[in-house]
Amino acid sequence: MEGKSAEGHFLSETLNTPAGNNWLGLAFERVCLAHVEQIKQKLGISGVLTDVNSWYCKSDADKGIHGSQIDLLIVRKDQVINLCEMKYSGAAYSLSKQDEEAIKKRISDLKISTKTKYAVFPTLVTTDGMVDNKYSGIIQSVVTLKDLFYMG
(Lines give C-alpha, C1' and ligand atoms only; values in the text may rest on other atoms or scores of the structure.)
Protein backbone atom coordinates (compact mmCIF):
# COMPACT_ATOMS: atom_id res chain seq x y z
CA MET A 1 0.00 0.00 0.00
CA GLU A 2 2.96 2.31 -0.47
CA GLY A 3 2.04 5.75 -1.73
CA LYS A 4 -1.67 5.22 -1.10
CA SER A 5 -3.55 6.90 1.70
CA ALA A 6 -6.03 4.85 3.70
CA GLU A 7 -8.82 6.92 2.11
CA GLY A 8 -7.43 6.31 -1.38
CA HIS A 9 -7.18 2.59 -0.69
CA PHE A 10 -10.77 2.56 0.61
CA LEU A 11 -11.97 4.33 -2.54
CA SER A 12 -10.08 2.06 -4.92
CA GLU A 13 -11.42 -1.04 -3.14
CA THR A 14 -15.02 0.18 -2.87
CA LEU A 15 -15.55 2.15 -6.08
CA ASN A 16 -18.89 1.18 -7.65
CA THR A 17 -19.94 -0.81 -4.59
CA PRO A 18 -22.81 0.13 -2.25
CA ALA A 19 -20.30 1.14 0.47
CA GLY A 20 -18.33 3.30 -1.94
CA ASN A 21 -21.43 4.94 -3.38
CA ASN A 22 -22.71 5.62 0.14
CA TRP A 23 -19.39 7.23 1.07
CA LEU A 24 -19.43 9.40 -2.07
CA GLY A 25 -23.02 10.46 -1.36
CA LEU A 26 -22.24 11.45 2.22
CA ALA A 27 -19.08 13.30 1.17
CA PHE A 28 -21.05 15.18 -1.49
CA GLU A 29 -23.70 16.16 1.09
CA ARG A 30 -20.95 17.56 3.34
CA VAL A 31 -19.54 19.61 0.46
CA CYS A 32 -23.03 20.97 -0.30
CA LEU A 33 -23.65 21.94 3.33
CA ALA A 34 -20.32 23.78 3.38
CA HIS A 35 -21.37 25.79 0.30
CA VAL A 36 -24.85 27.05 1.19
CA GLU A 37 -23.92 30.61 0.22
CA GLN A 38 -23.01 29.43 -3.30
CA ILE A 39 -26.29 27.48 -3.51
CA LYS A 40 -28.17 30.66 -2.56
CA GLN A 41 -26.18 32.63 -5.14
CA LYS A 42 -27.05 30.14 -7.90
CA LEU A 43 -30.72 30.31 -6.88
CA GLY A 44 -30.58 34.12 -7.13
CA ILE A 45 -31.49 34.59 -3.47
CA SER A 46 -28.22 35.74 -1.91
CA GLY A 47 -29.87 39.04 -0.93
CA VAL A 48 -32.90 37.38 0.71
CA LEU A 49 -32.89 36.76 4.47
CA THR A 50 -32.97 33.02 5.12
CA ASP A 51 -32.89 30.39 7.82
CA VAL A 52 -30.93 27.31 6.80
CA ASN A 53 -31.43 24.00 8.55
CA SER A 54 -32.11 20.31 8.25
CA TRP A 55 -35.50 18.88 9.21
CA TYR A 56 -36.96 15.59 10.38
CA CYS A 57 -40.38 14.29 11.34
CA LYS A 58 -41.59 10.91 12.54
CA SER A 59 -44.34 8.98 10.82
CA ASP A 60 -47.86 9.66 12.07
CA ALA A 61 -50.48 7.73 10.08
CA ASP A 62 -53.37 9.54 11.83
CA LYS A 63 -52.16 12.88 10.46
CA GLY A 64 -51.10 11.50 7.06
CA ILE A 65 -47.40 11.98 7.79
CA HIS A 66 -45.06 9.45 6.17
CA GLY A 67 -41.93 10.38 8.14
CA SER A 68 -39.24 12.41 6.41
CA GLN A 69 -35.69 13.63 6.67
CA ILE A 70 -34.58 16.67 4.71
CA ASP A 71 -30.87 17.47 4.70
CA LEU A 72 -31.17 21.09 3.64
CA LEU A 73 -34.06 23.53 3.86
CA ILE A 74 -33.57 27.15 2.90
CA VAL A 75 -36.50 28.99 4.49
CA ARG A 76 -36.74 32.39 2.85
CA LYS A 77 -38.30 35.59 4.18
CA ASP A 78 -40.05 35.96 0.80
CA GLN A 79 -42.27 33.01 1.86
CA VAL A 80 -40.57 30.33 -0.20
CA ILE A 81 -38.79 27.21 1.05
CA ASN A 82 -36.12 25.58 -1.10
CA LEU A 83 -36.26 21.88 -0.23
CA CYS A 84 -32.81 20.73 -1.35
CA GLU A 85 -32.26 17.17 -2.50
CA MET A 86 -28.54 16.40 -2.68
CA LYS A 87 -27.67 13.61 -5.10
CA TYR A 88 -24.17 12.46 -6.01
CA SER A 89 -23.92 11.02 -9.51
CA GLY A 90 -21.09 10.24 -11.92
CA ALA A 91 -23.10 11.87 -14.73
CA ALA A 92 -26.22 14.02 -15.08
CA TYR A 93 -28.72 12.80 -12.46
CA SER A 94 -31.81 11.02 -13.75
CA LEU A 95 -34.78 11.33 -11.39
CA SER A 96 -36.69 8.09 -10.93
CA LYS A 97 -40.33 7.52 -10.06
CA GLN A 98 -39.13 6.70 -6.51
CA ASP A 99 -37.28 10.05 -6.32
CA GLU A 100 -40.39 11.92 -7.44
CA GLU A 101 -42.58 10.08 -4.90
CA ALA A 102 -40.06 10.70 -2.09
CA ILE A 103 -39.97 14.43 -2.87
CA LYS A 104 -43.78 14.63 -2.90
CA LYS A 105 -43.92 12.84 0.48
CA ARG A 106 -41.30 15.19 1.96
CA ILE A 107 -43.23 18.25 0.76
CA SER A 108 -46.47 16.86 2.16
CA ASP A 109 -44.85 15.96 5.51
CA LEU A 110 -43.27 19.41 5.78
CA LYS A 111 -46.54 21.20 5.04
CA ILE A 112 -48.64 19.05 7.38
CA SER A 113 -46.12 19.02 10.26
CA THR A 114 -45.16 22.70 10.19
CA LYS A 115 -48.47 24.07 8.88
CA THR A 116 -46.39 26.35 6.65
CA LYS A 117 -48.17 28.47 4.08
CA TYR A 118 -44.88 29.09 2.23
CA ALA A 119 -44.42 27.77 -1.30
CA VAL A 120 -42.05 24.78 -1.40
CA PHE A 121 -39.61 24.64 -4.32
CA PRO A 122 -37.87 21.28 -4.79
CA THR A 123 -34.24 22.00 -5.60
CA LEU A 124 -31.76 19.41 -6.88
CA VAL A 125 -28.13 19.84 -5.89
CA THR A 126 -26.09 17.35 -7.92
CA THR A 127 -22.68 16.87 -9.44
CA ASP A 128 -23.39 17.30 -13.14
CA GLY A 129 -26.93 18.54 -13.78
CA MET A 130 -30.19 16.70 -14.37
CA VAL A 131 -31.53 14.55 -17.18
CA ASP A 132 -34.83 15.88 -18.53
CA ASN A 133 -37.30 13.01 -18.17
CA LYS A 134 -40.92 12.41 -17.14
CA TYR A 135 -40.04 12.77 -13.42
CA SER A 136 -37.81 15.84 -13.64
CA GLY A 137 -40.74 18.30 -13.85
CA ILE A 138 -41.06 18.29 -10.06
CA ILE A 139 -37.68 20.04 -9.72
CA GLN A 140 -37.81 23.86 -9.73
CA SER A 141 -34.05 24.55 -9.73
CA VAL A 142 -30.82 22.67 -10.29
CA VAL A 143 -27.49 23.50 -8.67
CA THR A 144 -24.34 21.70 -9.84
CA LEU A 145 -20.95 21.00 -8.31
CA LYS A 146 -19.50 23.67 -10.60
CA ASP A 147 -21.92 26.22 -9.07
CA LEU A 148 -20.67 25.34 -5.57
CA PHE A 149 -17.16 26.43 -6.51
CA TYR A 150 -18.06 29.41 -8.69
CA MET A 151 -16.01 32.42 -7.66
CA GLY A 152 -18.00 35.19 -9.33
Side-chain angles (χ1 to χ4, degrees), residues 7 10-11 14-15 18-152:
E7 192 172 83
F10 172 79
L11 283 175
T14 60
L15 206 55
N21 291 337
N22 188 49
W23 185 90
L24 287 168
L26 292 171
F28 181 69
E29 283 180 20
R30 277 208 232 102
V31 168
C32 294
L33 293 172
H35 291 85
V36 172
E37 290 306 313
Q38 289 85 352
I39 292 172
K40 288 172 56 176
Q41 184 174 350
K42 171 63 178 183
L43 295 173
I45 60 168
S46 32
V48 178
L49 290 174
T50 60
D51 288 319
V52 176
N53 49 57
S54 57
W55 184 81
Y56 168 81
C57 72
K58 289 184 179 179
S59 174
D60 185 337
D62 293 339
K63 293 181 181 175
I65 298 171
H66 303 90
S68 292
Q69 177 181 337
I70 301 170
D71 295 319
L72 179 60
L73 283 179
I74 303 174
V75 182
R76 301 162 30 178
K77 298 299 179 199
D78 62 359
Q79 300 191 0
V80 173
I81 299 171
N82 287 92
L83 184 155
C84 297
E85 285 287 313
M86 294 178 268
K87 299 290 187 183
Y88 174 83
S89 179
Y93 191 79
S94 182
L95 250 70
S96 67
K97 181 177 182 173
Q98 291 82 4
D99 290 326
E100 180 190 45
E101 289 171 358
I103 292 167
K104 286 179 179 177
K105 285 178 183 175
R106 288 183 185 118
I107 292 169
S108 173
D109 285 353
L110 181 67
K111 286 183 171 183
I112 293 168
S113 295
T114 66
K115 298 180 175 43
T116 185
K117 301 291 185 210
Y118 286 17
V120 178
F121 289 178
T123 303
L124 179 65
V125 185
T126 189
T127 44
D128 199 26
M130 178 178 66
V131 173
D132 186 22
N133 66 21
K134 67 181 182 177
Y135 306 110
S136 61
I138 193 168
I139 299 297
Q140 297 266 338
S141 304
V142 177
V143 179
T144 66
L145 188 60
K146 191 164 134 184
D147 298 323
L148 299 183
F149 292 97
Y150 175 71
M151 301 294 218

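Excluded from the calculations below are hydrogen atoms, water molecules and symmetry mates; all remaining heavy atoms, backbone and side chain alike, are included. By convention here, the first residue in the shown sequence is residue 1. This structure is a prediction, so every number in the text was calculated from the model and none was measured.
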Euclidean distance, Lys105 NZ relative to Leu110 CG, rounded to 0.5 Å: 16.0 Å

Stepwise side-chain contact (heavy atoms from CB on, under 4.5 Å) test for Ile39 and Leu72: CA-CA 11 Å; Ile39 292 172; Leu72 179 60; 4.0 Å; yes

Side-chain donor/acceptor of Asn133 to backbone N/O of Tyr135, under 3.5 Å: yes

Spacing of NE2 belonging to His66 relative to CZ belonging to Arg106, to within rounding of 0.5 Å: 12.0 Å

Euclidean distance, Phe121 CZ relative to Leu83 CG, rounded to 0.5 Å: 12.0 Å

For residues 43-59, run the donor-acceptor check on the side chains, cut-off 3.5 Å, and write out each pair with its distance to 0.1 Å, sequence neighbours left out.
residue	atom	partner	partner atom	Å
Thr50	OG1	Lys40	NZ	2.8
Ser59	OG	Ile65	O	3.4

For Met130 against Val142, the heavy-atom pair lying closest together: CE-CG2, 3.8 Å

Closest heavy-atom pair and its distance - Tyr118, Val80: CD2-N, 3.8 Å

Minimum-distance pair of heavy atoms, taken over all atoms of Cys84 and Ile74: SG-CD1, 4.1 Å

Side-chain donor or acceptor of Asp147 paired with backbone N/O of Gln38 under 3.5 Å: no

From Leu124 atom CG to Ser141 atom OG, the distance as rounded to the nearest 0.5 Å: 10.0 Å

Student check: side-chain heavy atoms of Val31 and Tyr88 closer than 4.5 Å: no

Gap separating the CD1 atom of Ile70 from the CG atom of Asp109, nearest 0.5 angstrom: 7.5 Å

Closest heavy-atom pair and its distance - Ser94, Asp99: O-OD2, 4.0 Å

Heavy-atom neighbours of Asp132 CG exceed 12 at 6.0 Å: no

Interatomic spacing from CG in Leu145 to CG in Asp128 - rounded to 0.5 Å: 8.5 Å

Single hit among Asp71, Leu24, Val125 for side-chain contact (heavy atoms from CB on, under 4.5 Å) with Glu29: Asp71

Ala91 versus Ser89, closest heavy-atom pair with distance: O-OG, 2.8 Å

Closest non-hydrogen atom pair between Ile107 and Pro122, with its separation: CD1-CG, 3.6 Å

side-chain contact (heavy atoms from CB on, under 4.5 Å) evaluation trace for Cys32 with Leu148: CA-CA 7 Å; Cys32 294; Leu148 299 183; 4.0 Å; yes

